[in-house]
Amino acid sequence: MKKATTILIADDDTSVVASLSLLLKQSGYQAFSSANPKETLEVLQKEKIQVVIQDMNFTRRTDGEEGLILLREIKKKYPELPVILMTAWGSIALAVKGMQWGAADFITKPWTNEEVLHRIETQVGLKEVDFEKKGESNLSRESLDHQFDFSMIIGESPKICSALEIIGRVAKTDAPVLLLGESGTGKELFAEALHKNSNRHKGPFVKVNVGSIPNALFESELFGHVKGAFTDAKQDRKGRFEMASGGTILLDEIGDLDYASQVKLLRVIQERTFEPLGSSKTQSVNVRIVAATHRNLQSLIAEGKFREDLFYRLNLITVMIPPLRERVADISAIAEYYLRHASHLYHTSFDSKEKKNLSFTAGAIRFLKEQPWKGNVRELRHAIERVALLATSPEISEQDFIRVQSLLTDSIPSGSGFPTLGTMTLDEMERTMIERAIEEHNGNISRIAESLGISRAALYRRLEKFRITIP
């Protein structure tokens, strides 16, 4: 029989200790308690404690300084021991300071039992996988693929393997994960890989670009609304959190979220409850939260544009997704994958006796590896889709990429020797790409715009220009 996880409750409030001890016992944990810093250190010396729940204030002081001193002592003697702080909602700044000093997490008073258990289970889960942050993975891509399902991610460079190893090791826990990386690096794919390898893989995976939601619609989009909540609310509507129940929610572009909406989001993450707009009925949140951004959140915090307490709630585990220029060795495999995808999407092949499909010459691969790819994998994909659409032979060369780039920028030098498109104008080519993207993505505006590498506003202008109606 597996020995129960040991939890130490460091609090001088007997009612708090009694309440938490009962909750932990009923949940299969073994609880110890201490009423002051000295007693806390004594218990830690005698017992093999696995998680500490520590109050920030004891009898002598109310400014939290005593709690910070105790936290520092614990982390000095037991650096690997996770400490979850307890503080009032109005003293969150104190908890944030504790996080800076090494606390693993914090709970605000009054708490819910679900919240306490969730925080503990997350820390216990992380200890069981022996998680530690590394620069580069010691595992090969082959070894990782034997343990996890990363089929949606291409590459075997050391930095990609490092990111995948972290994803794999924390997937089975419910720890929130923050994905950082430049635009176009594939953060959404990593979030999906996390979900696919988690215990929630049978539940929904819901993606929401929180940075693009207007403040006035934020609550309705994320938490839903009831009929009559506002003028156009003609029926009840589920929010994204409710849609993601039992699964994972990706909060994409979290760095672009306005400050007022950050407060609303923090409340939900903090208390694991929400109320649909116009309703007084509280609903519980049962989702794993993954956030992603290309922004530097530390800089935004310094500028007063991003809440530090929200940052610490989201970045329990941080994964850096490397830009394409730092994984040049993967470009060949990525390019081949998207060429096959584009060939299938645009039905591009050359009907000869051999029925050849598109392929790259060695020169084309060298050319692709030499490009800066500031837009990362997304830019590479769009470049390959364009050249596949305009291919004039089954073998795509370096000159084909240069020709297509010149055509798209309308700057073909005279006497260059590059072949023309015959009767197909740029407008006709653009219209064709839009129509095929509409067909592929079933009329989803956001996905159509993303696949074409343009904004929604730019797509709407082109739809109006070509008088294209989406079914």
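No hydrogens, no waters, no symmetry mates; every other heavy atom, side chains included, goes into these values. Counting begins at 1 with the first residue of the sequence.
Under 3.5 Å, the side chains of T6 and Q30 contain no donor-acceptor pair of N or O atoms. Using a 3.5 Å distance cut-off with no hydrogens or angles, the side chains of E308 and Q100 do pair a donor with an acceptor. Side chain to side chain, E219 and H225 fail the donor-acceptor criterion of an N or O pair below 3.5 Å. Side chains of S261 and N215: a donor on one and an acceptor on the other come within 3.5 Å.
Of the possible polar contacts, one joining the Q262 side chain to the R307 backbone as a donor-acceptor pair under 3.5 Å is found. Between the side chain of N315 and the backbone N or O of T318 there is no donor-acceptor pair closer than 3.5 Å. Under the 3.5 Å distance criterion, the side-chain polar atoms of W373 are matched with a main-chain donor or acceptor of L368. Counting only distance, with no hydrogens or angles, the side chain of K75 and the backbone of L81 share a donor-acceptor pair below 3.5 Å. Using a distance-only test at 3.5 Å, with no hydrogens or angles considered, no donor-acceptor pair links the side chain of N376 to the main chain of P323.
Considering only heavy atoms from C-beta on, V177 comes within 4.5 Å of L194 through its side chain. Taking the side chain as every heavy atom from C-beta outward, L180 and V319 never approach each other to under 4.5 Å. Between M86 and I53, some side-chain heavy-atom pair lies under the 4.5 Å cut-off. For the pair V16 and D55, the minimum side-chain heavy-atom distance is 4.5 Å or more. Residues C161 and L144 meet the side-chain proximity criterion, which asks for heavy atoms closer than 4.5 Å. Side-chain atoms of L8 and V51, non-hydrogen and from C-beta on, never get closer than 4.5 Å to each other. At a threshold of 4.5 Å between non-hydrogen side-chain atoms, the residues Q283 and P276 count as touching. For the pair L94 and L85, the minimum side-chain heavy-atom distance is 4.5 Å or more.
Remark: L44 CG to S34 OG distance equals 7.5 Å, nearest 0.5 Å. Note that OG1 of T122 and CZ of R288 are 8.0 Å apart. Values are rounded to the nearest 0.5 Å. Distance CD/Q54 to CG/L71: 5.5 Å, rounded to 0.5 Å.
The aromatic rings of H341 and Y337 lie parallel to each other, their planes meeting at an angle below 30°, with 60° marking the opposite boundary. Under the 30°/60° scheme for interplanar angles, the aromatic rings of F218 and F223 are found to stand perpendicular.
The ring-ring contact (aromatic ring centres under 6.0 Å, His included) contacts involving residues 170-212 comprise H195-F205, where partners must be two or more places apart or lie in separate chains.
The pair R237-E221 meets the salt-bridge criterion, since a charged nitrogen lies less than 4.0 angstrom from a carboxylate oxygen. Taking a cutoff of 4.0 Å between a charged side-chain nitrogen and a carboxylate oxygen, E182 and R325 qualify as a salt bridge. The pair K227-D236 does not count as a salt bridge, with every side-chain nitrogen at least 4.0 angstrom from each carboxylate oxygen. Using a cutoff of 4.0 Å between basic side-chain nitrogens and carboxylate oxygens, R272 and E114 are not scored as salt-bridged. Here E385 pairs with R381 in a salt bridge; the nearest charged N to carboxylate O distance falls below 4.0 Å. Salt bridge E192/K196: absent, no basic N to carboxylate O contact under 4.0 Å. Between K305 and D258 there is no salt bridge, since no side-chain nitrogen of the basic residue lies less than 4.0 Å from a carboxylate oxygen of the acidic one. Taking 4.0 Å as the cut-off between side-chain N and carboxylate O, K207 and E188 count as a salt-bridged pair.
Here the closest non-hydrogen pair linking V208 and R240 is CB-NH1, 3.4 Å. Closest of all the heavy-atom pairs between G155 and R327 is CA-NH2, 3.9 Å. In this structure, D12 and A35 approach most closely via the heavy-atom pair CB-O, 3.3 Å. When all heavy atoms are compared, the tightest approach of F360 to A335 is CE1-O, 3.5 Å. Shown here for I9 and S21, the closest heavy-atom pair between the two residues is CD1-OG, 3.5 Å.
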For E42 and K46, what are the C-alpha separation, side-chain angles and deciding distance, and is it a salt bridge (Lys or Arg N to Asp or Glu O under 4.0 Å)?
CA-CA 6 Å; E42 289 174 351; K46 294 177 183 178; 5.4 Å; no

Does the pair S157 and D330 meet the rule for a side-chain hydrogen bond (donor to acceptor under 3.5 Å, both in side chains), with working shown?
CA-CA 7 Å; S157 61; D330 293 332; 2.8 Å; yes

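Figure legend: R313 and F106 shown as a cation-pi pair, the cationic atom lying under 6.0 angstrom from the six-membered ring centre and within 45 degrees of its axis.
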